[in-house]
Amino acid sequence: MKDIKIGACDWALPGSGLYATQIAASVGLEALSLKIGLYENDYPITHPEMQKIYLSEQQKYGIEYCAIALNDFDNIPMHAREGTKEYEIVWDLLDRAVKTAHELGVQIIQAPGFAASEVKTEEDMEHSAKAFRWLCDQAGEYGISVAGENLMTPAEFKKMCEIVDRKNFYLYFDSQNYNVFRNYDERNILEGLYSKMCNQLHVKDGAEMSGGLLGSGPSGFHETIGWLKAHNYTGYILLENYYDQLPLRRQAENPYDLLCEDIRILRQALQ
């Protein structure tokens, strides 16, 4: 496949983000998605001191920062109701995310919709859409897009898109989540939502969440790549297997060997 950049999520690399830029460069990756961090740590990369370090590392190793993931939304509901402590945290985080993405030259702000932020009710959807609208408007001032990663069916996500109603709002596709959590066919999601996807996606595999090398689980990794090839996908494909975590790390003495093997598998699949 032409015009594909292979990268990784910094939280998936050995060390969970520590020295991620250097690690990515050492194994031949081209891009990284960066986690914004946790409220309890005051969202580390939102501070100028940390941003200077990341930009220095980028200059040194030539790795593109293609996305910022608002990973704390797994713990704090994006659809928090006004008047709660969580609501104040959410809106502070959204504001910081835009400023940080701009400072680091990131093109996508990725908002996961799992765990605490999963949309379960109509009210959840309305409150999430309100946050997405604001985020799209603020990020759009800098030419930055916003993408939601979730477990919605095509019909559900299309409804979200209608409510958000912003041209810079997209889906962030993942090659395993729909299968492992909902037993959905990943290709059905692609068929229904390809036109609404951003130019980035995550790949991982296994019988468990990020539990096996690419192609080793029931998610249909090779079929997904085949579908993307047939539809001339261009953009970023980011590894999200957790190489130094259980159960995947049982497959090798060194998690870096697993990372390199996944890169090999992905590159071969893309040929």
Side-chain angles (χ1 to χ4, degrees), residues 9-11 17 33-46 66-102 104 106-142 144-174 177-178 180-182 189 193 196-198 200-202 209 238 240:
C9 303
D10 71 348
W11 59 92
S33 175
L34 308 175
K35 64 180 181 295
I36 205 162
L38 301 177
Y39 171 73
E40 63 190 55
N41 301 120
D42 201 23
Y43 302 116
I45 68 170
T46 67
C66 62
I68 286 181
L70 309 187
N71 58 298
D72 209 19
F73 281 155
D74 284 346
N75 311 305
I76 298 168
M78 186 179 188
H79 46 64
R81 286 13 175 206
E82 205 166 343
T84 65
K85 177 184 177 181
E86 289 80 8
Y87 182 87
E88 301 300 324
I89 293 172
V90 166
W91 287 87
D92 175 60
L93 175 54
L94 295 175
D95 182 59
R96 292 204 209 187
V98 173
K99 294 173 181 175
T100 302
H102 175 57
L104 295 181
V106 169
Q107 60 180 271
I108 294 280
I109 297 173
Q110 179 239 332
F114 312 108
S117 292
E118 183 178 354
V119 170
K120 297 180 179 179
T121 68
E122 292 290 330
E123 191 176 5
D124 288 345
M125 182 169 285
E126 290 289 344
H127 284 275
S128 294
K130 176 185 175 182
F132 275 126
R133 275 194 300 273
W134 186 91
L135 189 57
C136 286
D137 288 344
Q138 300 304 310
E141 292 293 320
Y142 301 110
I144 298 169
S145 296
V146 176
E149 184 184 13
N150 51 66
L151 300 172
M152 294 181 183
T153 64
E156 290 167 340
F157 189 75
K158 287 176 181 177
K159 181 178 180 180
M160 173 69 86
C161 288
E162 290 176 2
I163 299 173
V164 174
D165 191 27
R166 294 295 185 272
K167 292 182 179 180
N168 61 332
F169 178 64
Y170 299 95
L171 173 72
Y172 209 109
F173 178 76
D174 182 281
N177 287 340
Y178 296 97
V180 75
F181 290 117
R182 291 287 187 271
I189 302 298
L193 294 175
K196 299 187 180 300
M197 283 171 51
C198 68
Q200 301 181 18
L201 58 90
H202 294 162
M209 178 72 166
L238 305 179
E240 202 191 11

Heavy-atom side-chain contact between Gln138 and His102 under 4.5 Å: no
For the atom pair SG (Cys9) and CD (Gln110), what is the distance rounded to the nearest 0.5 Å? 7.0 Å
Assess whether side-chain contact (heavy atoms from CB on, under 4.5 Å) is satisfied between Thr100 and Ile109, documenting all intermediate values. CA-CA 10 Å; Thr100 302; Ile109 297 173; over 6 Å; no
Which pair of non-hydrogen atoms, one from Cys66 and one from Leu238, has the smallest distance, and what is that distance? SG-CD1, 3.9 Å
Supply the atom-to-atom distance Leu94 CG to Met78 CE, rounded to the nearest 0.5 angstrom. 5.5 Å
Separation of Asn75 CG from Ser117 OG (nearest 0.5 Å): 8.5 Å
Report the residues that fulfil ring-ring contact (aromatic ring centres under 6.0 Å, His included) with Trp91, sequence neighbours left out, ordered by chain and then residue number. Tyr87, Trp134
Between Arg133 and Asp137 (salt bridge meaning N to carboxylate O under 4.0 Å), is one present in this structure? no
His79 side chain to Glu118 main-chain N or O, any donor-acceptor pair under 3.5 Å? yes
If you measure from CG on Leu171 to CG on Asn150, what distance do you get to the nearest 0.5 Å? 6.0 Å
Where Thr84 and Ala80 come nearest, the two heavy atoms and their spacing: OG1-CB, 4.1 Å
Set of residues satisfying ring-ring contact (aromatic ring centres under 6.0 Å, His included) with respect to Phe181, sequence neighbours excluded: none
Any pair counted as salt bridge (charged side-chain N to carboxylate O under 4.0 Å, His left out), so long as it reaches residues 70-85, sequence neighbours left out: Arg81-Glu123, Arg81-Asp124
If every non-hydrogen atom of Ala116 is compared with every non-hydrogen atom of Pro77, which pair is closest and at what distance? O-CB, 3.3 Å
Between CD1 of Ile108 and CD1 of Ile144, what distance do you get to the nearest 0.5 Å? 9.5 Å
Give a yes or no answer on whether the side chain of Thr46 reaches the backbone of Arg96 with a donor-acceptor pair at less than 3.5 Å. no
How long is the span from the CD1 atom in Ile76 to the CG atom in Asp92, to the nearest 0.5 Å? 10.0 Å
Before you tell me yes or no, could you show the steps for Leu193 and Lys158 under side-chain contact (heavy atoms from CB on, under 4.5 Å), namely the whole-Å CA-CA distance, both residues' side-chain angles and the distance that decides it to 0.1 Å? CA-CA 8 Å; Leu193 294 175; Lys158 287 176 181 177; 3.9 Å; yes
Using the ring-ring contact (aromatic ring centres under 6.0 Å, His included) criterion, which residues pair with His202? Sequence neighbours excluded. Tyr172
Are Phe114 and Asn177 close enough, and set up right, to give a side-chain contact (heavy atoms from CB on, under 4.5 Å), and what steps lead you there? CA-CA 10 Å; Phe114 312 108; Asn177 287 340; 3.5 Å; yes
Could you work out, with side chain to side chain contact (heavy atoms under 4.5 Å, CB included) as the rule, every residue matching Phe169, not counting sequence neighbours? Phe132, Cys136, Val146, Phe157, Met160, Cys161, Val164, Arg166
Measure across Ala97 and Ile36 and return the closest heavy-atom pair with its distance rounded to 0.1 Å. CA-CD1, 3.9 Å
Closest heavy-atom pair, Lys35 versus Gly17, reported as atoms and distance to 0.1 Å, is NZ-CA, 3.8 Å
List the steps, then state whether side-chain contact (heavy atoms from CB on, under 4.5 Å) holds for Met152 with Val119. CA-CA 8 Å; Met152 294 181 183; Val119 170; 3.9 Å; yes
What residues form a side chain to side chain contact (heavy atoms under 4.5 Å, CB included) with Glu88, not counting sequence neighbours? none
NZ/NE/NH1/NH2 to OD/OE distance under 4.0 Å, Arg182 and Glu156: no
Can you see which heavy atom on Pro154 is nearest to which on Ile189, and at what distance? CD-CD1, 3.8 Å
